[in-house]
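Written out below as C-alpha cells is the structure these notes cover.
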Amino acid sequence: MRNSALGRVTMSGVVVALACLVSLPAAALQAKDAQVATWSDPAAIWGGFIEHGSYAEAYAAYDVLGEVGYDLNSVDPERCQEKRAELEKAVELAPVSIALHRARMLCAEALGDDAGAEAALAALGALSSLALSDGKEVISPKPIRVLGPSDIYALLATSGLQYRYEYYMHVNAQRYFPLVVAAWDEELGAERHLTFDYIDVVHALDREDTFSGYPVQRQLLAEAFIEAQAKANESQALDWQAVKAAVEVADPRQKVKAVRDAAGLGGLQAAGTWLLVCAMTPYEGCADGLVDSLLPFAESKQAAHMLMLAVAYAKGVGVETDSDAAATLLDAAGKRWNRNGALISFAQLWSTSGEQEYPAFLAERIAASRRNGDPSMSMLHALRVLTVPGKVVLDAQELADLARPENNATGKGYALLATYYQRMQDDATAQKWLDKAVAAGDAGAQATDGIKRHEAAKTEQERAVALGIVSLGAQGGNPFAARYMAFRSQRAGKYSDAEAWLLGPARAGDVDAILELAHIYEWERPGIRGNRQQAIDTYRALDQGNDSAEARRRLAAMALTGRGMAKDPAQAEHWLLKDAARGDRASSIILGMAYLDGDFGKADDAKGHEWMEQAVKTGDVDAISDYGAWYFYRHTPATLESRRRGLALWEQAAKAGGQTALNNLAWAHCTAPEPEIFDAATGKVEADKLMQTADLPLGHLDTVAACRAAEGDYDRAVDLQNQVIARLTSEELAEDRKRTENFEARLALYRVGKRYIEPVRKQP
C-alpha cells in the first residue's frame with residue numbers, strides 16, 4: 001500500500017515563486033446537488049482548474065490529508081469532524097485531486113453523512129472513469145493526468161486495483177514525466193501498467209516560476225519530486241537516481257556500479273540499464289549478480305522482472321544463452337501483463353540493445369499477435385524500420401494500423417505515417433499525416449512542421465503561428481525545437497529567453513544545446529544568468545568527457561585572444577592540431593587561417609596554405625569561402641591579383657551553395673573602390689539570389705541594400721537599410737555606432753543618393 005502524500009515542492013537551486021493566483025471559482029461546487037451534476041463532465045472541471053487554479057493553494061490543500069489521519073483506506077473520525085471545514089476548502093482549491101475526494105468520502109462515511117459520501121463518490125467516480133478510459137495501455141500512451149502522487153494510489157484503491165511496483169519511464173522530463181505503476185486487476189487476472197503524469201499539470205499551474213513557460217521548468221520540477229521521494233526512500237526515485245548517475249558516466253564499469261544496488265532493491269530501470277550495458281559493452285564480470293537481482297521479483301511474478309529475465313536468457317547476459325527458457329519466461333510474463341505489454345517490452349529492449357533481427361521465437365509471437373489483430377505490432381515494426389535511412393515499404397494493414405486511435409494517443413502513429421510518405425516522396429500525403437501528428441501532440445512533428453512553416457512564412461502573423469508550433473515541440477522535449485526557439489530569441493536580442501530555451505535540452509544532455517548555451521555565456525550577453533567562466537568550464541568538460549572538437553576550437557579561440565583566460569597561442573595551436581590531424585575540417589580551416597594570419601606568432605604561409613589547400617580540395621564551402629576572404633582582405637602584399645583570387649574562390653563556393661561566399665561576392669562587386677572589381681550589374685544578380693533566402697540574415701540584408709544603391713535604386717536601398725537598423729537591439733545599435741562605417745552611416749549616404757564605397761578592407 002502506498003501513501004505518498006504530496007506536500008509543497010522545493011526546487012534545489014531555483015527560486016520558486018508561490019504567488020497566490022486566481023483560484024477556481026467554487027460556486028458550482030458549494031452545494032452537494034450542484035456538485036453531483038457538475039461531475040457529469042470531469043474534463044471540464046480539469047480544464048477550468050488548469051486555467052484558473054493556484055499552484056500554491058492547490059498543493060497546500062494536500063496538508064489536510066495528514067490532519068484528518070488519511071492513510072488511503074481509513075481516516076480518524078474525530079479529526080474528520082474537527083477539520084471538516086478545512087477538508088471542504090481543500091477540495092474546493094484542488095477539485096481534481098482524487099486523494100482529497102477519497103478522504104472526503106471516507107470522512108463522510110465515518111461521520112454517517114450519506115449525502116456527503118454520495119457527493120464525494122460522484123467526484124471520485126467521474127475522475128476515476130476519466131483517468132482509466134481506454135487508450136492508456138499502448139506503446140506511446142498519453143499519461144493519466146493527476147495533480148500529485150497521492151492521487152495515483154487513491155485512484156488504484158478506488159478502482160479496486162492492487163499496487164505492485166512502479167518505475168519512471170524516462171530519465172529526463174519531456175512534455176510529461178511518466179510514472180508507470182503496475183497494478184493487479186483481479187477481474188482481468190493481469191497486471192495493468194498505467195502511466196501517470198503530474199509534471200505537466202504543475203508546469204501549467206506554476207505560472208510565477210522563473211522558468212515558467214520553458215521546458216527546463218518541467219525538468220526542475222521532476223528533479224524536485226524525485227529528491228523528495230528519494231529522501232522518503234521510495235524505490236522508484238532511488239531507481240531513477242541510479243539510472244541518472246549511470247547515464248552521466250561513460251565507462252561501462254562505472255555505469256554498472258551506479259545501478260547495481262538499485263537493481264537489487266527491485267529498481268526496474270536500473271536492472272534494464274545493467275542488462276543493456278552488459279549486452280552492448282560487455283566486460284569480464286559485467287553481469288555478475290544481475291540474474292540474482294532479478295530472480296526474487298520474477299519469482300514473485302512481477303511481470304516486468306520476468307520479462308527482463310527472459311531478455312537476459314535470450315541474449316546470454318549473466319546466464320548461458322537459452323532461447324527456450326527465454327520464450328517460456330516471455331510467455332509467463334505475457335500471461336500476467338495486460339494487452340501484450342510483455343511482448344512489446346521484450347521487442348523494444350531487444351531493439352534498444354542494437355539487434356537488427358528478432359530471435360525466431362519473438363518474431364513468431366509478434367506475427368501471431370498481428371494476425372490476432374493487435375495494431376501495436378504494426379507500430380513496433382514501423383518504429384524499427386523507419387528509424388534507419390532508406391526506402392521502406394509498409395503493407396496496407398500496417399498503414400491502416402498506424403492511423404488507428406490506439407497508436408495515436410500522442411500522435412506517434414501519425415508521425416510515422418508522415419515519415420513513411422516523405423520517404424515515398426509523396427509530400428501531400430506526408431503533410432496530411434504531419435498535420436494530424438501535430439494536433440495530437442507529437443513533439444517531433446511539431447518541431448518539423450513549425451520550423452518548415454516559419455521558414456516559408458511571409459507575414460509576421462504567419463511567423464508567430466509557426467513559432468507557436470515550434471514551441472509546442474520544444475515543450476514536448478524535442479531538443480531541435482528548443483534550439484530553434486533559442487536561435488530566434490537571439491536574433492531578436494532576447495538572450496535571457498534564449499538561455500531559458502536552451503537550459504532544458506542542455507540539462508538533458510543535448511551537446512548542441514550545451515555548446516550554444518556556453519556560447520551565450522562566453523560572450524556574456526545581456527540579461528543572462530551565466531558567465532564566461534562557466535563557458536570555459538563547460539568547454540573543458542566537453543573536451544575531456546566528450547572528446548568535443550568544437551569545444552577545443554572555442555577554447556583555442558579564447559586562448560588566442562586572451563578572452564577569459566591567459567593568452568596562450570601554443571596551447572591554442574595544440575588544441576587545433578589535435579583535431580585537424582584527425583581530419584576535422586573545421587579545425588583544419590581555423591588552423592590554416594591562424595598560420596596565414598600569424599596568430600601563433602610569426603605568420604607561416606607554407607603551413608597555412610598546406611592546411612587550406614587540403615580543405616579546399618574536399619570541396620568544403622566554408623574552407624573555400626574563408627580562404628577567399630584571406631586572399632581578398634588579408635593577403636600581403638594587397639594586390640589586384642590576390643583580390644581576384646579571392647573572388648574566384650568565392651565564386652567556387654557560391655556555386656556549391658555557400659551563402660556566405662555569395663554574400664561576399666555581392667558585397668565586393670557593389671562596394672569595391674577598384675573599377676576592375678566594382679560591377680553593379682553582377683552585384684545585383686548576386687543580391688537577388690540572396691533575397692531568395694528565407695529569413696535573410698541581417699548582414700546579408702545590409703549587402704542587398706548596398707547593391708541597390710550601387711545600381712542607383714536609392715529609395716529601395718534606404719528602405720532595406722532601415723529594415724537592417726530596425727532589427728538591431730538597442731545594445732547592438734549602440735555597439736554598431738562605435739564603428740565609423742556603421743549601418744546608420746550607410747543609410748545617410750543612400751538618403752543623399754550616394755553608394756557606399758568600402759574604404760578599408762574588412763570582411764562584411
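Classified by interplanar angle (parallel below 30°, tilted 30° to 60°, perpendicular above 60°), the ring pair F177/Y168 is parallel. Note on ring orientation: taking the six-membered ring where Trp is involved, the planes of W350 and F346 are parallel (angle under 30°, cut-offs 30° and 60°).
For R404, the side-chain hydrogen bond (donor to acceptor under 3.5 Å, both in side chains) partners are E406, not counting sequence neighbours.
At least one donor-acceptor pair closer than 3.5 Å links the side chain of N408 to the backbone N or O of Y414. Between the side chain of D239 and the backbone N or O of Q269, at least one donor-acceptor pair lies under 3.5 Å. A donor-acceptor contact shorter than 3.5 Å links the side chain of D151 to the backbone of A99. A donor-acceptor pair is defined here as one N or O able to donate and one able to accept, closer than 3.5 Å; such a pair exists between the side chain of Q217 and the backbone of D206. The backbone N or O of A246 sits less than 3.5 Å from a side-chain atom of K255, completing a donor-acceptor pair. R336 contributes a side-chain N or O that, together with a main-chain N or O of K301, makes up a donor-acceptor pair within less than 3.5 Å. Side chain of S129 to main chain of A126: no donor-acceptor pair is present (N/O by atom type, distance under 3.5 Å, no hydrogens or angles).
The residues R365 and D331 are annotated as salt-bridged, a charged nitrogen and a carboxylate oxygen being separated by less than 4.0 angstrom.
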Audit row: R218, R175, side-chain contact (heavy atoms from CB on, under 4.5 Å) steps and yes/no
CA-CA 8 Å; R218 300 172 192 267; R175 194 182 316 279; 4.1 Å; yes

Yes or no on side-chain contact (heavy atoms from CB on, under 4.5 Å) for H193 and Y167, after CA distance, side-chain angles and deciding distance?
CA-CA 10 Å; H193 287 237; Y167 51 95; 3.2 Å; yes

List the steps, then state whether side-chain contact (heavy atoms from CB on, under 4.5 Å) holds for S235 with L265.
CA-CA 7 Å; S235 60; L265 294 172; 5.8 Å; no

For a side-chain contact (heavy atoms from CB on, under 4.5 Å) check, start with the C-alpha distance between C278 and L290, then their side-chain angles and the critical distance, and finish with the verdict.
CA-CA 10 Å; C278 295; L290 172 61; 5.6 Å; no

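Two residues are said to be in side-chain contact when any heavy atoms from C-beta on lie closer than 4.5 Å; E398 and Y420 fail this criterion. Taking the side chain as every heavy atom from C-beta outward, W337 and S345 approach each other to under 4.5 Å. I344 is listed as a side-chain neighbour of M377, based on a closest heavy-atom distance under 4.5 Å. Taking the side chain as every heavy atom from C-beta outward, L394 and H381 approach each other to under 4.5 Å. The side-chain heavy atoms of W39 and L127, taken from C-beta on, include a pair separated by under 4.5 Å. T328 is not listed as a side-chain neighbour of Y313, based on a closest heavy-atom distance of 4.5 Å or more. Side-chain atoms of E137 and L194, non-hydrogen and from C-beta on, do get closer than 4.5 Å to each other. Within the 4.5 Å cutoff, the side chain of L343 has heavy atoms near those of the I366 side chain.
When all heavy atoms are compared, the tightest approach of A447 to N478 is CB-OD1, 3.4 Å.
The distance from atom OH of Y176 to atom NE2 of H170, rounded to the nearest 0.5 Å, is 12.0 Å. Rounded to the nearest 0.5 angstrom, K412 NZ and D442 CG are separated by 4.5 Å. Atoms CG and CG, on L147 and L100 in that order, are 8.0 Å from each other to the nearest 0.5 Å. Within the model, atoms CD of E109 and CG of L121 stand 8.0 Å from one another, a figure rounded to the nearest 0.5 Å. The distance from the CG atom of N407 to the OG atom of S140 is 9.0 Å, given to the nearest 0.5 Å. If you take CG on L268 and CE on M308, they are separated by 4.0 Å, rounding to the nearest 0.5 Å.
Under the 6.0 Å cut-off for aromatic ring centres, Y198 and F225 qualify, their centroids lying closer than that.
Other residues, nucleotides and ligands place no more than 12 heavy atoms under 6.0 Å from the CD atom of E78. Within a 6.0 Å radius of NZ in K244, more than 12 heavy atoms belonging to other residues, nucleotides or ligands are found. Around atom NZ of K315, more than 12 heavy atoms belonging to other residues, nucleotides or ligands sit under 6.0 Å away.
Among E191, H305, Q236, the single residue meeting the side-chain hydrogen bond (donor to acceptor under 3.5 Å, both in side chains) criterion with Y165 is E191.
Evaluation of the ring-ring contact (aromatic ring centres under 6.0 Å, His included) test over residues 242-294, restricted to residues two or more places apart or in two chains, returns none.
In this structure, a donor-acceptor pair under 3.5 Å is present between the side chains of N73 and R102.
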